[in-house]
Structures are given as C-alpha cells and as structure tokens.
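Note sheet for the following structure.
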Amino acid sequence: MTRTDHLEKNEEVLRSPGRWLALAVLVLAVLLVAVDATVLGLATPFLSEDLQPTGTQLLWIGDVYSFVIAGLLVSMGSLGDRIGRKKLLLTGATAFGAVSVLNAYATSPEMMIVARALLGVAGATLMPSTLALIRNLFHDPRERSLAIGIWGAMASAGAAVGPVVGGFLLEHFWWGSVFLINLPVMAVLVLVGAKFIPESKNPAPGPWDLPSVALSLIGMIGIVYGVKEVAAHGLHVDMAVATVIGLGALTWFVRRQLRLEAPLLDMRLFHHRGFSGAVLADLLTILGLSGLVFFLSQFLQLVQGREPLEAGLAELPAAIGAVTAGLIAGTVARRFSVRSVVSGGLAAVGLALAVLTLLDRSSGYPLLGASLLVVGIGAGFAFTVTADVILSSVPREQAGAASAVSETAYELGAALGIALLGSIVTGVYRDFPTPPGVPEATSAAAHESLGGAVEASAALPDATAGALVTAAQDAFTEGLRIAAGVGAVVLLATAVAAWFLLRGQKLEEGVEHP
C-alpha cells in the first residue's frame with residue numbers, strides 16, 4: 001500500500017464512525033492499566049501471606065511500577081511520535097500481556113518487584129499513545145472533549161471493575177489470577193486495534209536521542225527513590241546520593257533538550273501557562289490521593305473484615321462519580337470556566353479527604369461511601385478538563401510528547417504519593433505498642449505489615465491474638481487518617497493554585513482541519 005493509500009484510509013476513518021470504533025479500542029488499554037493498578041491493592045493481603053515481603057519490599061511492589069513508568073513515559077511518548085503511535089501501542093500491549101504472566105507466577109518478593117518493573121516498561125508505551133491518538137482522531141474540539149471524557153471514564157471504570165473482578169477471582173483462585181485478566185483484554189486490543197486504529201506520527205520528528213532517554217530514566221528514578229527513602233528512613237547517604245544523581249540527570253536532560261534541533265521533549269511546551277498549570281494540578285492531585293487509594297483496600301479487608309469482593313464493591317462510588325463527571329466535564333467547563341471546574345473539583349476532593357480523617361475501625365459505610373463518591377466526582381471533573389487543556393495546548397505532531405508529560409505527572413504523583421503518604425501510614429503503624437505476652441519474633445513479624453500481624457496472630461492464644469490484631473488495626477487506621485489529612489491539605493492547596501494558573505484558560509471551540 002502506498003503512502004497516498006495510507007493517508008486516504010486514515011482520512012476515511014477520521015470522517016466515518018470508524019473514529020469512535022478506534023476510540024473504543026484505545027480505551028481498552030486505559031481500562032487495562034487502571035485494572036492492573038487497583039487489583040494490586042486488593043491482592044496485597046494475599047500476596048503478603050504467600051510471598052511474605054517485608055514492609056519495605058511491599059512498598060516497592062506497590063510503587064516500582066510507577067517509578068519505571070514515570071521514568072520512561074516521556075521517552076516512549078516521543079518514540080511514538082517518531083515510529084508511529086499505533087505501532088508503539090500494539091507492541092506495548094503485546095508486551096504488557098506477556099509480562100502479566102510473569103507477575104502472576106512470581107515466587108518471591110524480589111521476583112515480584114522485577115516483574116512489576118518490567119510491567120512498567122510495557123505500560124509506558126500505552127498511556128501516551130492512547131491520548132495522542134485521540135488528539136489525532138478527533139479534530140472537532142467538542143467531540144475531542146467527549147472522547148477524552150470517555151477515556152477518563154474508562155480509567156475510572158477500570159478502577160471499579162478491577163476490585164470487583166479481582167475480588168471475585170481472589171475468592172475463587174490464587175492471587176496471581178488477578179494479573180491474568182490482562183490477557184484477554186490485550187488480545188482484543190491487539191486484534192481489533194490493528195484493523196480500526198489509524199497510524200499517526202510526527203512527519204518530521206528527527207532522531208530519537210538515546211542519551212536523553214537515559215538521562216530521563218536516571219533522573220526520574222533517582223529523585224523518586226530519594227524521596228521514598230527520606231520519607232521512610234530519614235536523611236542518609238544513599239538517599240542523598242540518589243537525589244543528587246537524579247537532580248543532576250534531569251538538569252542535564254533539560255539543558256540537552258534546549259540545545260537539540262529535534263528534542264525528546266520540547267521544553268517550550270511549558271511556556272504555555274495553561275499547559276504547565278494543568279500538569280502541576282495533575283501531579284499534586286494524584287500525590288494527595290494515591291496513599292489513600294493504595295491502603296484503602298487493606299483497611300476494608302484487614303481492618304473492617306470485608307471479603308475481597310465486598311471490598312471491591314465498597315469502592316464503586318468513587319468510580320461511579322468519576323465516570324459521570326468525566327462524561328459531562330467538557331460541557332460544564334465551556335458553560336462556566338476551566339478554572340472553576342478544575343478548582344471546584346479539587347476542592348471537593350480535598351474536603352472529602354478531610355472527612356476521612358474521622359475514620360475508625362467501626363466507622364459505618366455511609367461515611368466512607370459518601371466521601372468516595374465526592375472524591376470520584378471531583379477527580380472526574382478535574383482530570384478530564386486538565387487532559388483536554390494539555391492536549392489542545394500543543395500541535396498535533398507533538399501530541400505524544402504532550403500526552404507523555406501529562407501521564408508522567410500522573411505516575412510521578414502516584415509514586416511520590418505512595419512513597420510519602422505510604423511511608424506515613426507505615427511509620428505510624430510500626431510504632432504501635434506490642435501487647436503483653438507476645439513473643440519477640442511474633443512482634444517483629446507483626447510490625448512489618450498489617451497482613452503480617454494478622455498472620456502472626458494465628459499462632460497465639462485467642463486473647464493475646466485479639467489484642468495484637470486490635471492494636472495493629474488501630475495503628476494502621478491512625479496512619480490512614482493522618483495520610484488522609486495530609487492529602488486534604490495538598491488537594492486544597494492545589495485547588496487554590498489551579499484557580500490562578502488556569503486563569504483565562506478556555507477549551508477550544510472551532511473545528512481543526514487535519
């Protein structure tokens with residue numbers, strides 16, 4: 001097929017209902033990544049019992065995926081602009097499915113950490129490709145806003161489907177089964193996507209600069225690792241070295257981009273106030289939310305005693321709110337203003353997190369369910385509109401790089417949030433007083449993680465076991481309350497910042513010609 005034939009075929013897809021079929025395939029990738037992120041939290045108690053990770057290893061299992069994906073997103077987004085976003089998406093989807101099998105059959109904490117890291121490499125190819133392809137599929141700004149809303153809604157739906165499907169699997173199969181659900185989704189994505197997704201890329205991209213790729217990866221991982229270590233263990237030499245290396249690599253990366261004729265990331269994108277404000281809002285919002293999201297499933301199962309499926313269903317209000325808000329966010333932002341929708345949504349999330357500081361072991365579900373619904377609605381409005389702002393701020397040929405910046409903010413925020421807020425929960429938890437009569441070895445195991453405490457208590461007399469589990473649950477809940485309070489402060493401050501940074505920002509109205 002000639003280049004002209006390719007262009008005619010692509011234009012036919014863009015003019016016909018084929019663009020909506022292509023969107024349906026693209027959101028499968030979003031669904032997959034969201035499901036993968038949420039089922040891990042649900043499977044954590046079972047994984048802890050089987051692999052017996054230490055508290056630090058458990059945090060690495062939770063956040064190494066985000067570390068790697070954050071380090072590679074910009075590079076992969078730029079690679080998609082160069083070799084073709086469809087090609088990168090389908091290649092990454094195939095790899096994601098294959099590495100999911102490795103996650104499912106991990107036999108040690110170390111193997112699980114490596115498998116999660118490899119999943120991050122594959123995952124880095126998916127998210128920027130999907131948003132960039134949406135930018136090139138939809139030239140009508142209102143259609144694009146709806147498409148981005150559907151994209152975001154599917155991410156939220158994945159957050160809901162993940163716990164429910166994962167809960168069902170965990171009640172009937174072993175924990176590794178939650179990763180195998182990726183395989184059929186990937187198969188559909190690859191087979192159908194090959195037919196319906198049109199290829200797009202930068203027509204004059206320049207070479208892919210490998211030194212920039214290495215600097216980006218080293219810089220992001222170094223900084224995130226440094227933050228994680230200082231949050232968990234305080235200031236020490238390893239943390240300082242990692243942070244200095246990370247800052248040095250990122251500084252070198254930025255200076256190199258400014259000199260290159262065809263940079264991996266065009267730093268001039270950040271001159272656009274709306275682009276920079278939207279990216280910063282995404283990063284801080286996810287930072288404030290991620291600690292709660294990571295530990296909520298453990299609270300529902302190990303503190304309140306819910307079965308995995310019940311715990312998954314308990315988290316549904318957040319997804320319902322996010323799906324609903326995401327689908328109407330573009331219309332609401334045009335009716336009122338970008339900054340009022342984003343700031344209002346973030347403020348709502350902050351207030352809901354503040355309410356969660358009232359949680360205790362015996363809290364009824366109405367308090368939690370109502371708070372999660374508000375979190376979902378606020379996040380759905382904010383994330384959908386900021387994604388639209390980011391995509392509409394750049395030329396179509398740079399859509400991959402811009403999408404990657406957006407996703408990097410998301411993943412970096414998740415990694416930092418799990419590191420900082422997760423370390424708060426872990427730090428508070430490890431300080432709980434050991435009840436009298438608990439052997440030293442049992443106490444040490446119990447202080448590693450809440451799952452470890454529940455497992456260790458099985459060998460104790462009933463009264464002593466009950467006292468140990470209660471003390472551990474109270475400490476875990478106290479840590480969760482503090483993390484929710486810190487998250488509330490971050491979200492409310494971000495709402496104020498977004499109000500000023502997004503001043504005068506509007507969503508596009510006129511149809512863009514390809």
Side-chain angles (χ1 to χ4, degrees), residues 40-62 109 167 170-171 175 231-234 291-312 314-315 355-369 371 418 421-487:
L40 178 65
L42 200 67
T44 294
F46 299 88
L47 185 151
S48 298
E49 181 179 351
D50 192 9
L51 302 184
Q52 298 183 349
T54 65
T56 300
Q57 286 175 328
L58 194 60
L59 281 178
W60 273 109
I61 290 171
L170 289 168
E171 288 186 7
W175 60 265
H233 305 113
L292 171 72
V293 171
F294 184 72
F295 286 102
L296 184 59
S297 291
Q298 294 182 64
F299 172 80
L300 291 170
Q301 292 179 78
L302 298 178
V303 176
Q304 295 203 326
R306 301 177 190 271
E307 294 298 320
L309 180 57
E310 184 186 0
E315 297 177 36
V355 170
L356 291 179
T357 61
L358 304 175
L359 277 179
D360 59 38
R361 286 191 302 120
S362 59
S363 292
Y365 182 71
L367 172 70
L368 180 61
S371 298
I418 291 175
L421 302 183
S423 295
I424 289 174
V425 176
T426 302
V428 172
Y429 174 79
R430 285 177 173 170
D431 287 339
F432 79 83
T434 304
V438 177
E440 185 175 340
T442 303
S443 174
H447 281 80
E448 284 293 338
S449 68
L450 182 55
V454 173
E455 184 180 356
S457 67
L460 299 175
D462 289 347
T464 306
L468 177 63
V469 171
T470 298
Q473 290 174 335
D474 286 340
F476 184 89
T477 305
E478 176 65 16
L480 189 60
R481 283 199 299 266
I482 294 173
V486 173

Checklist entry - Rounded to the nearest 0.5 Å, how far apart are CZ of Phe299 and CG of Leu359? => result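 CG of Leu359 is found 5.0 Å from CZ of Phe299.
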
Could you report the tightest heavy-atom contact between [X] and [Y], atom names first, then the distance?
X: Leu367; Y: Ser363; result: CD2-OG, 4.4 Å
X: Ala484; Y: Leu356; result: CB-CB, 4.1 Å
X: Ala471; Y: Pro435; result: CB-CG, 4.4 Å
X: Phe476; Y: Val303; result: CD2-CG2, 3.9 Å
X: Val428; Y: Glu478; result: CG1-CG, 3.9 Å

Item to check | ring-ring contact (aromatic ring centres under 6.0 Å, His included) contacts in which one or both residues fall within residues 450-469, not counting sequence neighbours | outcome: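 Residue pairs with at least one partner in residues 450-469: there are none.
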
Next on the checklist: Holding to side chain to side chain contact (heavy atoms under 4.5 Å, CB included), I want the full list of residues that pass it with Ala314, two or more places apart in sequence or in another chain.
Outcome noted: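 Leu300, Tyr365.
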
Item to check | Side chain proximity check, Leu480 to Tyr429, heavy atoms < 4.5 angstrom | outcome: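 Side-chain contact under 4.5 Å: no.
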
Next on the checklist: Less than 3.5 Å apart, any donor N or O on the side chain of Thr477 or Asp474 sitting next to an acceptor on the other?
Outcome noted: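 Their side chains do not contain a donor-acceptor pair, so the 3.5 Å distance test is not met.
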
